[in-house]
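Keep in mind that this is a model prediction, so the values were computed, not measured.
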Amino acid sequence: QVQLAESGGGLVQAGGSLRLSCAASGLNMGNYHMGWFRQAPGKEREFVAASSRPGGSTYYSQSVKGRFTISRDNSKKMVYLQMNSLEPEDTAVYYCASSTAALSAIRELEMWRNWGQGTQVTVSP
């Protein structure tokens with residue numbers, strides 16, 4: 001079965017950086033789109049970044065473009081989210097996700113079928 005496990009969250013001051021990691025198992029990474037989403041208290045889960053299978057293209061939300069970078073290592077079954085210039089508005093639980101669905105729906109929650117448990121990122125002013 002597909003399992004995803006996020007790590008790397010924590011507390012960081014505004015302007016700082018964090019790198020989140022997602023360890024995948026039970027799947028061939030080359031067959032899966034991989035993505036990162038986040039959810040703040042009282043808000044809906046939102047798209048952050050994605051990497052299309054097998055890793056040739058990346059996609060970002062407007063709010064993180066230029067600050068965050070998604071990357072993947074298919075041989076190691078790892079996905080990363082490098083977060084730079086963090087802002088308090090980035091505070092949320094960050095989730096790793098995987099999908100084999102059409103790329104056109106990459107920003108839609110419904111296309112992502114496998115999710116990790118999330119890791120908390122808190123950015124202090």
Checklist entry - So do Met83 and Val64 actually touch side chain to side chain, heavy atoms under 4.5 Å? => result no
Next on the checklist: I need the full list of salt bridge (Lys or Arg N to Asp or Glu O under 4.0 Å) pairs touching residues 88-103, with sequence neighbours left out, sorted by first then second residue.
Outcome noted: Arg38-Asp90, Arg67-Asp90
Item to check | Sequence neighbours excluded - salt bridge (Lys or Arg N to Asp or Glu O under 4.0 Å) pairs with any residue from residues 15-24 | outcome: none
Item to check | Neighbour count above 12 (heavy atom, 6.0 Å) for Glu87 CD | outcome: yes
Item to check | Euclidean distance, Ser52 OG relative to Met34 CE, rounded to 0.5 Å | outcome: 12.0 Å
Next on the checklist: Looking at every heavy atom in both Ser17 and Asn84, which two are closest together, and how far apart are they?
Outcome noted: OG-OD1, 2.8 Å
Next on the checklist: For Gly55, is there any backbone N or O sitting under 3.5 Å from a side-chain donor or acceptor partner on Asn74?
Outcome noted: no
Checklist entry - Side chains of Thr100 and Arg53: closer than 4.5 Å at any heavy-atom pair? => result yes
Checklist entry - Quick one: does Thr119's side chain get under 4.5 Å of Ser7's, heavy atoms only? => result no
Checklist outcome for this item: Cluster membership besides Tyr95, Ile/Leu/Val/Met/Phe/Trp/Tyr side chains within less than 4.5 angstrom, sorted by chain and number, is Phe37, Phe47, Tyr59, Val93, Leu103, Ile106, Leu109, Met111, Trp112, Trp115
Next on the checklist: For a 4.5 angstrom cut-off between non-hydrogen side-chain atoms, does Trp36 reach Cys22?
Outcome noted: yes
Next on the checklist: Hydrophobic cluster membership, with links at side-chain heavy-atom distances under 4.5 Å among I/L/V/M/F/W/Y: are Phe68 and Val123 in one?
Outcome noted: yes
Next on the checklist: Are Leu4 and Ser98 packed together at the side-chain level, in the sense that at least one heavy-atom pair is separated by less than 4.5 angstrom?
Outcome noted: yes
Item to check | Taking every non-hydrogen atom, the tightest pair across Ala92 and Ala40 | outcome: CB-N, 3.8 Å
Item to check | Same apolar cluster (I L V M F W Y, side chains within < 4.5 Å links), Val48/Tyr80 | outcome: no
Next on the checklist: Once rounded to the nearest 0.5 Å, what's the spacing between atom CZ of Arg113 and atom OH of Tyr32?
Outcome noted: 11.0 Å
Checklist entry - Do Ile70 and Leu20 share a hydrophobic cluster, counting only Ile, Leu, Val, Met, Phe, Trp and Tyr and linking them when any side-chain heavy atoms are less than 4.5 Å apart? => result yes
Next on the checklist: With a 4.5 Å cut-off on side-chain heavy atoms, are Leu11 and Gln120 touching?
Outcome noted: no
Checklist entry - Which distance, rounded to the nearest 0.5 Å, do you find between the OG of Ser75 and the CE of Met29? => result 9.0 Å
Checklist entry - Just how far is it from atom CE of Met78 to atom OG of Ser21, taken to the nearest 0.5 Å? => result 4.5 Å
